[in-house]
Amino acid sequence: MPPLPLPVDDVLPQVIAAVNEHGACVLKAPTGAGKTTRVPPALLESAVAGQIVMLEPRRVAARAAARRIAAERGSALGREVGYQVRFDRKASDATRILVVTEGVLLRMLQDDPLLERVGAVVFDEFHERSLSADLALALTQRVRASVRADLRIVVMSATVDPSRVAAFLGGAPVIESKGRAFPVEIEHRPREGDSRLENDVLRAVREAAERAQGDILVFLPGVGEIKRCARVLQPVARSLDADVVELHGELPPEKQDAVVAESTRRRVILATNVAETSLTLPGVRAVVDAGLERVPRTDPSIGLPRLETVRISRESADQRAGRAGRLAAGLCLRLWSRSEDARLDARREPEVRRADLAGAVLQLRAWGEPEPADFPWFEAPRAAALEAAEALLLRLGALEEGRLTSTGRAMARVPVHPRLARLLLAARQVGHPRRLALAAAALSERSPFVRMDRRASAEQHGASDVLDAVEALEAYEATGRLDAGARRLRPGPARFALRARDQLARFAPKASTGVDADEAVLRAVLAAYPDRVARRRTPGGERAVMVGGRGVRLDGASSVREAELFVCAEVDGGRRGERSEAWVRTASAVERAWLPASAVRTTAAAGFDEAQQAVAGFRRTLYEDLVLEDVAVQLARGPEVETALAEAAAADLDAALALDDPAVAGLRMRVSCLRTWRPDGALPEVALPAMDDDVLRTLLPHLARGRRSFAELRKAPLLDHLRGLLRWDQLQRLDREAPEHIEVPSGSRVRLTYELGRPPVLAVRIQEVFGLRETPTVAGGRVKVLMHLLAPNGRPQQITDDMPSFWANTYAGVRAELRRRYPKHAWPEDPLNAKAQRRPGRRR
DNA sequence: GAGCACTGC
């Protein structure tokens, strides 16, 4: 069929010229310009050698693009033009244009790191800035810049600032094309004071219904808001003779399709961000935008993922408004004011800045990149996030001494998160590879369970939600019944999980022997989440403490009701800045005997006296938390009093540690102490305080002694000890500044202050220093401990290293004040009084 | 005291 002319056709000659001359170009063109269909064939005609690979962010988009291109070129799909997505490939050796999704492109890069069969890579919809697309672009550019000058790159984007990509591609030309869209009238309808969102939505929908014809699309942040709005909108919809329909990612595909299909009746469509990028709704003439979205974020300092509800960006707002102008002029009502509008961020923070980077770092290393921090990312991730990713990979056994292990290489091939890859590879130790593949699939994909009423689930008891899923899926496979297991399954996700199982099982190690089939699942889950073991606070209770001291609460639908120890597999870290309890959706029991032997020593067995316990107990990212007395885990609610204890450097450990600066000696002592306490010997990356420059200056000469270069310095065992304490910028400074050039004030003493989590609770801190009533002795030397009492504004109120006077004066005063302010809180027993009562006659 | 964005090998 003769292709219809599209706006982008006008600029294709420029694109080809740019690509031929510079090897790369950036094409900025709005949706509807036709870039997806027209650019790859143009490259083909321009005699690009090798395959032309185009990246699409979604499977449907990849399939549709390949189909359209093939049709326009009059060829059968899978011959000259093909596609490859997960579970589906229509391509052959003759395929010149191959449309792929992100995972496929990353896999191609792993199998063929220099992309030798590929002549050009086209990145479509690059403005979406997914982590995978960022990574793929950076890898491709690295290949082009180093060894493949002939490789062509075209980046296509609707909105992103093209100059940045152009610069990244070594000064590639930017070409812009017009699109086709109808004007959308945008008006602001700010939220009314304290009114509920659904009421503001209701008003706006009424207005939109009067002023515009066609369907009304309402953008809301999540399912909860959608349900509440649906309830409020029902009567209005009836009076308009319209239907209220919901649209979000948890909906089964049939229902999504029904919403996307044209309708004869007028509709009010309540949608999440699916409707912003993934799905196009034909009949929409008006948009009501609440201006909010939920974004996932993994905060490296917390180490848990969480969902945040945030204001959308300008880019999203424009994209959402544009949804009203696809077929005719439209209307958009924004539920925020003009002044708020002026303060919107230009664009959403790209995924590389917020996501868990473990998978990306593993891919990078498998691709051959020795140092992810040195990698030329399109946009650099946060240093702390990179460090957290490396720490996790180390913990999972993928890394050793900064290099990928054979386990790590095997993990990189498995198409799931590194944790789940590790789960699968645990089959080598515990057997049952196919079962573990199913467990990994269930954890990787959408939950196969029907969402359950809490009360209905209260009867369930089990060892593991993961095992429940595995058993239910196995029962479904065997009997075809969705309710054959402990909990009811949803057909779509259940079938998908089984299919993913088949794919994953190909990567599972063979195993002839193994432990019991159920135990295998539990142990493999522990292997995947070694850092998320939690201990229940009270028998049968919902609340627990995770290693590191974080409080968690089990979802009511979890069947893990009894186990004292369990792994928090799927967990939401809760709201930012608040030390609210994390919410565990998926848990799995653990037996104490499965923890590493070193983890279950008691403090006495480990040879620590009471004072040492207290010192090491400041930050417990240790399994030992779980078996020690539960002193550090009382969580009070609400107190905003900020209390922190600071640990000081050692006073006279010099000889013992063969370092003459007391500050360094003490620090090293403490770090070693923490290290011994960790079952894997690694430092808790996230929990330790960063070192300030004073400390750094004190340390540098020690580190540098006898060494001339940073390369030598890097090998210093002390630096290794301190790595977890140094901030990334400090490490880089070490790298930049030759250590011998740093001036060190002689005899300087340095104070270290702990940054404790918030809201720090005095009760907890006080309990942590029970052992510190007297100046403690460690490794034959006396350790001075500096105590800081901080006011709510963070300013130190009192500093002392005189332990007896702290306990006698400060502690008593603070304790009384807190009791007065928070009378309802169950404060711990006063250790001083308790002791005093037990030993009558002793005065304090 | 309840609470679950969207993809993807």
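Lettering of chains follows the sequences in order, A, B, ..., and the numbering in each one begins at 1.
Contact annotation for Val100(A): no contact, since no heavy-atom pair falls under 4.0 Å across all strands. Using a 4.0 Å heavy-atom cutoff across all strands shown, Ser130(A) reaches no nucleic acid atom at all. Within 4.0 Å of Pro296(A), counting heavy atoms only, lies at least one base atom of the nucleic acid. Using a 4.0 Å heavy-atom distance criterion, Ser132(A) is classed as making no nucleic acid contact. Note on Arg59(A): only backbone sugar-phosphate atoms sit closer than 4.0 angstrom, heavy atoms only; bases stay farther off. Using a 4.0 Å heavy-atom distance criterion, Val295(A) is classed as making no nucleic acid contact. Within 4.0 Å of Thr586(A), counting heavy atoms only, lies no atom of the nucleic acid at all. Looking at heavy-atom distances under 4.0 Å, Arg58(A) makes contact with sugar-phosphate atoms alone, never a base.
As rounded to whole Å, 14 Å separates atom C1' of dA5(B) from atom CD1 of Ile312(A). Computed from coordinates, the Glu445(A) CD to dC6(B) C1' distance equals 13 Å when rounded to whole Å. Rounded to whole Å, atom P of dC6(B) lies 9 Å from atom CG of Leu247(A). One can place CG of Asp134(A) at 19 Å from P of dT7(B), the figure rounded to the nearest angstrom. Glu128(A) has its CD atom 12 Å from the C1' atom of dG8(B), to the nearest Å. Following rounding to the nearest Å, Leu420(A) (CG) and dG8(B) (P) show an atom-to-atom distance of 17 Å. Distance Gln319(A) CD to dC6(B) C1': 14 Å, rounded to the nearest Å. Between the CD atom of Glu250(A) and the P atom of dC6(B) there is a distance of 7 Å, given to the nearest Å.
In this structure, Arg86(A) does not reach the dT7(B) phosphate: none of its side-chain N or O atoms is under 4.0 Å from OP1 or OP2. Thr101(A) has a side-chain polar atom (N or O) that falls below the 4.0 Å cut-off from OP1 or OP2 of dC9(B). The phosphate of dA5(B) has OP1 or OP2 within less than 4.0 Å of a side-chain N or O from Arg294(A).
Residues that satisfy the ring-ring contact (aromatic ring centres under 6.0 Å, His included) test with Trp367(A), not counting sequence neighbours, are absent from this structure.
With ring centers used as reference points, Phe126(A) lies under 6.0 Å from Phe378(A). Residues Phe496(A) and Phe87(A) place their aromatic rings such that the two centres sit under 6.0 Å apart.
With Glu293(A) as the fixed residue, the side chain to side chain donor-acceptor pair (under 3.5 Å) test singles out one of Thr309(A), Thr272(A), Asn273(A): Asn273(A).
Considering only side-chain atoms of Arg553(A), the nucleotide from dT7(B), dC9(B), dG3(B) that sits closest is dG3(B). When distances run from any side-chain atom of Val274(A) to the nucleotides dT7(B), dA5(B), dC9(B), the shortest one goes to dT7(B). Of all nucleotides listed (dG8(B), dC9(B), dG3(B)), dG8(B) comes nearest to the side chain of Ser444(A).
Checking Pro415(A) against Gly224(A), the closest nucleotide of DNA chain B that is more toward the 5' end is the one next to Gly224(A).
Using modelled atom types, one finds no donor on one side chain facing an acceptor on the other under 3.5 Å when comparing Asp345(A) with Ser313(A).
The salt bridge (Lys or Arg N to Asp or Glu O under 4.0 Å) pairs that include a residue from residues 99-113 of chain A are Asp111(A)-Arg413(A), where partners are two or more places apart or lie in different chains.
Stacking between Trp583(A) and dG3(B) is present: the aromatic ring centre lies within less than 5.5 angstrom of the base six-membered ring centre, and the two planes differ by under 30 degrees.
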